[in-house]
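One structure is given below, encoded as structure tokens.
Indexing begins at 1, ligand by ligand and atom by atom, following the structure's order.
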Amino acid sequence: MAVSKDMILPIMSSVARQKGIDILSTGDWTHPIWFRELRDNLVESHEGLFALKNNDTSLREQNFILSTEISCIFTQNGKTHRMHNLVISPSFEVCEKINKELKKRGCNLAADGRPIIGLTSKQLLELILEVDERCLLIPCHIWTPWFSLYGANSGFESFTQCFEELSDYVYGIETGLDSDPEMNWQIGDLKHKTLLSFSDAHSPSKMGREETVFRLQKPSFTNIAEAIMSQTLISKGKKPQNTVGYTIEFYSEEGKYYYNGHRKCGIYQTPAQTRESGTTCPVCKRKLTIGVRQRVDDLITNPSSGTTETREYDIKWILDPTAVRPPFMKLVPLNEIIAQSLAVGVGSKRVHQMLTLLHATLGSELDILLKTKNSKIAVIAGERIAQGIDYVRNGNIVIKPGYDGLYGKVSIFDSNSSNVPSKQDKQLGIDF
Ligand SMILES: [Zn+2]
Ligand SMILES: [Zn+2]
């Protein structure tokens, strides 16, 4: 219902290839029609992973994992909670059994790709583990105000408040667009949980805007599961063979619930401003939507900050000072960099042409952003796009934070500078 009509398997597969994504989620396997589509068109490529049945071999290289998002709306200990959870399954048979159990409990799976169910998150976890103990539940975008584990409006104060004695069976969490690993490193509750980043894409162009880079001995469901369990395993003195190498993050400020505010009233505040003036909106006098930044600040138990290191290709990495957690980097999607460099819209033909040219000559989006010398990019895309990529790599950009459902805005080229695209920059790529 809320997904682009282009989110069909062949397009997802080919866009994943362009972006440099090897493993992507099928999404929505709880929905009977989408489930049938998956079953008819995918074939097991590695244990627990699936590729397109297709004559075009280039479309068979990307692997799908069976994961779906479920919205749990429930009352627990007298309080109403709304939470989104990812469920990852090792096989179609297991998906089928879970769907059957959910329907038995009166859940309407056909109503939406992300069904709303009345079970608690703990009951959902119990259900999937009873069907098959290899299943994984991952709380989604855990800080967003309305539908998350820690959300300011309907969340919990801690993991154990939510999952009680089953808390240790949840191994990973999704940091979401509005928070990054550094913010989450400071939450004692998450010390032994693996921090994961996924795009939550509803349309092809948003795929890969956040990513988890797994270090796997070989691709398989079991190995991905071990990587997701890795922080728990490490805390028990074990040495997992499969881990998370790093995550690629959105600038958290760009997320649509970073600061506090009211979109309709045009009011936004930093946590410090709200602490001073209170949570009442100065315009409509109702309570402001409390954003992720403030909620994280409220639950921080171990204040610390990451260390930064500039590595190959001038990419700024952020490292866990205790070296227990994988590092991360922040990126801006390539189409957005090109659009800002050329001062045109993200969906414009010129951006599309430039992307096509860059993929044909330099490879996938990740190859371009992470593994290509700036001078090489400049030869093909022009100085200005190369400069934009350089600014993104070393974090030299300006962001107007998002609030109350409004995405933040990234300005790669400082609006005060006279640095506007030249005629030559604007023409590059047009003749391709
Ligand atoms: Zn969600
Ligand atoms: Zn207001």
**Prompt:** Which protein N, O or S atoms lie under 2.8 Å from the Zn ion (ligand 2)?
**Reply:** His262 ND1, Cys265 SG, Cys281 SG, Cys284 SG
**Request:** Cation-pi check, Arg311 to Trp317: give yes when NZ or CZ is under 6.0 Å from the six-membered ring centre and within 45° of the ring axis, no otherwise.
**Result:** yes
**Prompt:** Within 45° of the ring axis of Tyr403 and under 6.0 Å from its six-membered ring centre, is that where the NZ or CZ of Lys256 lies?
**Reply:** no
**Asked** Would one find more than 12 heavy atoms of other residues, nucleotides or ligands at under 6.0 Å from atom CZ of Arg275?
**Response** yes
**Request:** Please test Phe163 against Phe156 for ring-ring contact (aromatic ring centres under 6.0 Å, His included), starting from the C-alpha separation and ending with a verdict.
**Result:** CA-CA 10 Å; Phe163 292 103; Phe156 294 88; 7.8 Å; no
**Prompt:** Tell me, which protein N/O/S atoms are under 2.8 Å away from the Zn ion (ligand 1)?
**Reply:** Glu69 OE2, His84 ND1, His141 NE2
**Message:** Counting only heavy atoms from other residues, nucleotides and ligands, does the tally under 6.0 Å from CD of Glu165 exceed 12?
**Reply:** yes
**Prompt:** Taking 4.0 angstrom as the limit, do Lys97 and Glu101 come out as a salt bridge?
**Reply:** no
**Item:** Residues, nucleotides or ligands: over 12 heavy atoms within 6.0 Å of Lys264 NZ
**Value:** no
**For Gly405 against Arg263, the heavy-atom pair lying closest together** = O-NH1, 3.7 Å
**Item:** Presence of salt bridge, Asp132 and Arg134, under 4.0 angstrom
**Value:** yes
